[in-house]
Amino acid sequence: MRTVDIYIISDSSGETGEAMARALMGQFPDLEARFLRYPDLTEPAEVDSVISRILDRSRKSSSLVVISVVLAEIHHSLVEACQAAGLPFIDLYADAITTIMKAFDVHPVMEAGMTRKLTSNYFDRISSMEFAVRYDDGKDPRGFLKADLILLGVSRTSKTPLSMFLATKGYNVANLPLLPEVDLAEEVFQADKRRIVGLTVSEAQLFEARKNRLSTLGIAEDADYIADSRIEKELSYARSVFDQLGCKVIDVTDSAIEVTAARIVNYLQETFGDEAKRQLGQEAMI
């Protein structure tokens with residue numbers, strides 16, 4: 001798998017640019033993308049320094065710049081700098097803003113950071129992301145009783161990426177890796193079973209995901225982690241846990257994170273309606 005670097009340059013946090021870049025790169029499963037942000041670029045004089053840093057660490061053939069900038073002077077400088085350096089780039093806003101102006105005969109405010117105004121929804125998302133980090137990989141079983149959603153699955157079924165992605169939608173998600181040798185925390189059995197989703201995947205895809213993970217870590221491929229017998233045992237154990245809990249099960253084979261997340265959100269909304277997201281007070285985060 002080829003590794004490429006995606007540099008997000010923004011006059012704000014870069015969250016929107018990174019989200020768009022991740023969505024786009026999701027269409028290219030043969031590429032493993034590393035996303036690096038250069039946020040809060042508000043002075044034209046900073047442009048050359050940022051481009052120089054990118055050139056110092058990049059190979060042009062494996063790099064792409066994502067320009068997520070609305071401030072006109074900085075935008076113009078970035079476009080010129082990328083062109084001069086021979087760096088390929090995507091301009092997220094320019095064409096879209098021009099099209100909207102022409103379509104509706106309106107003018108944009110051209111203000112950086114409009115998508116991260118400090119609204120209650122913004123703070124909710126930040127809180128949910130903190131929740132996902134705190135209760136990742138079953139680090140604190142108390143999270144299972146506080147969560148909007150509990151994700152269960154064997155290693156490499158995308159539990160953590162899903163937890164973080166759903167956190168950006170305001171969902172408080174806890175997750176737990178399933179291992180035949182480790183008993184489930186009692187809090188899992190105490191939780192609302194309708195808020196538990198089991199993740200399963202084909203043996204072949206799990207093998208490839210684990211093989212790639214071992215390669216990244218520099219561990220020998222004959223490790224028990226990718227042995228056929230081990231994978232079969234773990235998936236069988238996971239199925240038995242899902243049956244025991246009577247929880248919703250979603251197959252993530254060949255499914256992008258965004259697609260799986262949409263299926264989960266649909267399930268929660270169909271099951272709980274407007275109460276899909278719990279209104280957890282501050283005491284839930286203590």
To the nearest 0.5 Å, tell me how far Leu214 CG sits from Arg156 CZ.
9.0 Å
Exercise: identify the closest heavy-atom pair between Lys233 and Pro180
CE-CB, 4.0 Å
Check for a donor-acceptor pair, side chain of Lys169 on one end and backbone N or O of Arg125 on the other, with a separation under 3.5 Å.
no
If two hydrophobic side chains count as joined below 4.5 Å and joins carry through other members, does Met164 share a cluster with Leu149?
no
Would you tabulate the side-chain donor-acceptor contacts of residues 25-37 under 3.5 Å, counting partners in other chains and residues two or more places apart, or write 'none'?
residue, atom, partner, partner atom, Å
Arg34, NE, Asp5, OD1, 2.7
Arg34, NH2, Asp5, OD1, 2.9
Arg34, NH2, Asp5, OD2, 3.2
Arg37, NE, Glu18, OE1, 2.5
Arg37, NH1, Ser13, O, 3.0
Arg37, NH2, Glu18, OE1, 3.1

Could you tell me the separation between the CG atom of Leu152 and the CZ atom of Phe144, rounded to the nearest 0.5 Å?
7.0 Å
Step-by-step side chain to side chain donor-acceptor pair (under 3.5 Å) determination, Thr200 to Asp251
CA-CA 5 Å; Thr200 189; Asp251 190 335; 5.6 Å; no
Please name the pair of heavy atoms, one in Asn175 and one in Ser163, separated by the smallest distance, quoted to 0.1 Å.
ND2-OG, 3.2 Å
Ile67 CD1 to Leu92 CG distance, which is reported to the nearest 0.5 Å
8.5 Å
Arg230 with Glu234: basic N within carboxylate O range, under 4.0 Å:
yes
Is any side-chain heavy atom of Val188 less than 4.5 Å from a side-chain heavy atom of Val241?
no
Distance alone, cut at 3.5 Å: any donor-acceptor contact between the side chains of His75 and Asp91?
yes
So, do Leu176 and Tyr135 sit near enough that their side-chain heavy atoms are less than 4.5 Å apart?
no
Report yes if the side chains of Ile51 and Cys82 come closer than 4.5 Å at any heavy-atom pair, otherwise no.
yes
With the side chain counted from C-beta on, respond yes when Asp11 and Val70 share a heavy-atom pair under 4.5 Å apart, and no when they do not.
yes
Quick one: closest heavy-atom pair of Tyr93 and Ser68, and the distance?
CE1-OG, 3.4 Å
Verdict with reasoning, Leu199 to Lys159, per side-chain contact (heavy atoms from CB on, under 4.5 Å):
CA-CA 8 Å; Leu199 304 176; Lys159 298 181 298 300; 3.9 Å; yes
Separation of Asp48 CG from Leu78 CG (nearest 0.5 Å)
9.5 Å
Test item: Val173 and Asp148 side chains (from C-beta on) under 4.5 Å apart, heavy atoms:
no
Show the nearest heavy-atom pair for residues Gly138 and Pro177, with the distance to one decimal.
N-CD, 4.4 Å
Would you check if Pro88 and Val65 make a side-chain contact, meaning some heavy-atom pair closer than 4.5 Å?
no
With Ser202, which residues qualify under side chain to side chain contact (heavy atoms under 4.5 Å, CB included), at least two apart?
Ala204, Gln205, Thr253
Going by the rule side chain to side chain contact (heavy atoms under 4.5 Å, CB included), which residues pair with Val259 if we only count those two or more places apart in sequence or in a different chain?
Ser255, Ala256, Arg263
Is a side-chain N or O of Ser12 found less than 3.5 angstrom from the main chain of Gly14, in a donor-acceptor match?
no
Would you please name every residue forming a side chain to side chain contact (heavy atoms under 4.5 Å, CB included) with Lys139, sequence neighbours left out?
Asp136
Can you establish whether the number of heavy atoms outside Glu73 located under 6.0 Å from its atom CD is more than 12?
no
side-chain contact (heavy atoms from CB on, under 4.5 Å), that's the test. Do Leu184 and Leu178 meet it? Break it down for me.
CA-CA 8 Å; Leu184 289 179; Leu178 296 178; 3.6 Å; yes
Out of curiosity, does Phe189 fall in the hydrophobic cluster containing Tyr237 (side-chain heavy atoms, cut-off under 4.5 Å, transitive links)?
yes
How many angstroms lie between atom CD1 of Ile226 and atom CG of Asn212, to the nearest 0.5 angstrom?
10.0 Å
Mind checking whether Val133 and Met129 have side chains closer than 4.5 Å, heavy atoms only?
no
Is a side-chain N or O of Thr168 found less than 3.5 angstrom from the main chain of Phe165, in a donor-acceptor match?
yes
Contacts of Asp140 that satisfy salt bridge (Lys or Arg N to Asp or Glu O under 4.0 Å) - sequence neighbours left out:
Arg142
Sorted by chain and residue number, the side chain to side chain contact (heavy atoms under 4.5 Å, CB included) partners of Arg53 (sequence neighbours excluded) come out as Tyr38, Ser49, Val50
Do you know which two heavy atoms are closest between Pro44 and Ile74, and how far apart they sit?
N-CG1, 4.0 Å
Interatomic distance, Leu145 atom CG to Glu186 atom CD [nearest 0.5 angstrom]:
10.0 Å
Evaluation steps, side-chain contact (heavy atoms from CB on, under 4.5 Å), between Lys146 and Phe131:
CA-CA 10 Å; Lys146 305 171 184 177; Phe131 188 98; 4.0 Å; yes
Hey, is CG on Asp228 packed in by over 12 heavy atoms from elsewhere, all under 6.0 Å?
no
Just by distance, no angles: are the side chains of Tyr225 and Ser155 close enough, under 3.5 Å, to form a donor-acceptor pair?
yes
Test side-chain contact (heavy atoms from CB on, under 4.5 Å) on Ser63 and Val4 and set out the steps.
CA-CA 6 Å; Ser63 300; Val4 297; over 6 Å; no
So, for Gly17 and Val66, which heavy atoms are closest and what is the spacing to 0.1 Å?
O-CG1, 4.3 Å
Looking only at the side chains, is there a donor atom on one of Ser128 and Asn172 sitting less than 3.5 Å from an acceptor on the other?
yes
Should Tyr267 and Val197 count as side-chain neighbours, where that means a heavy-atom distance under 4.5 Å?
yes
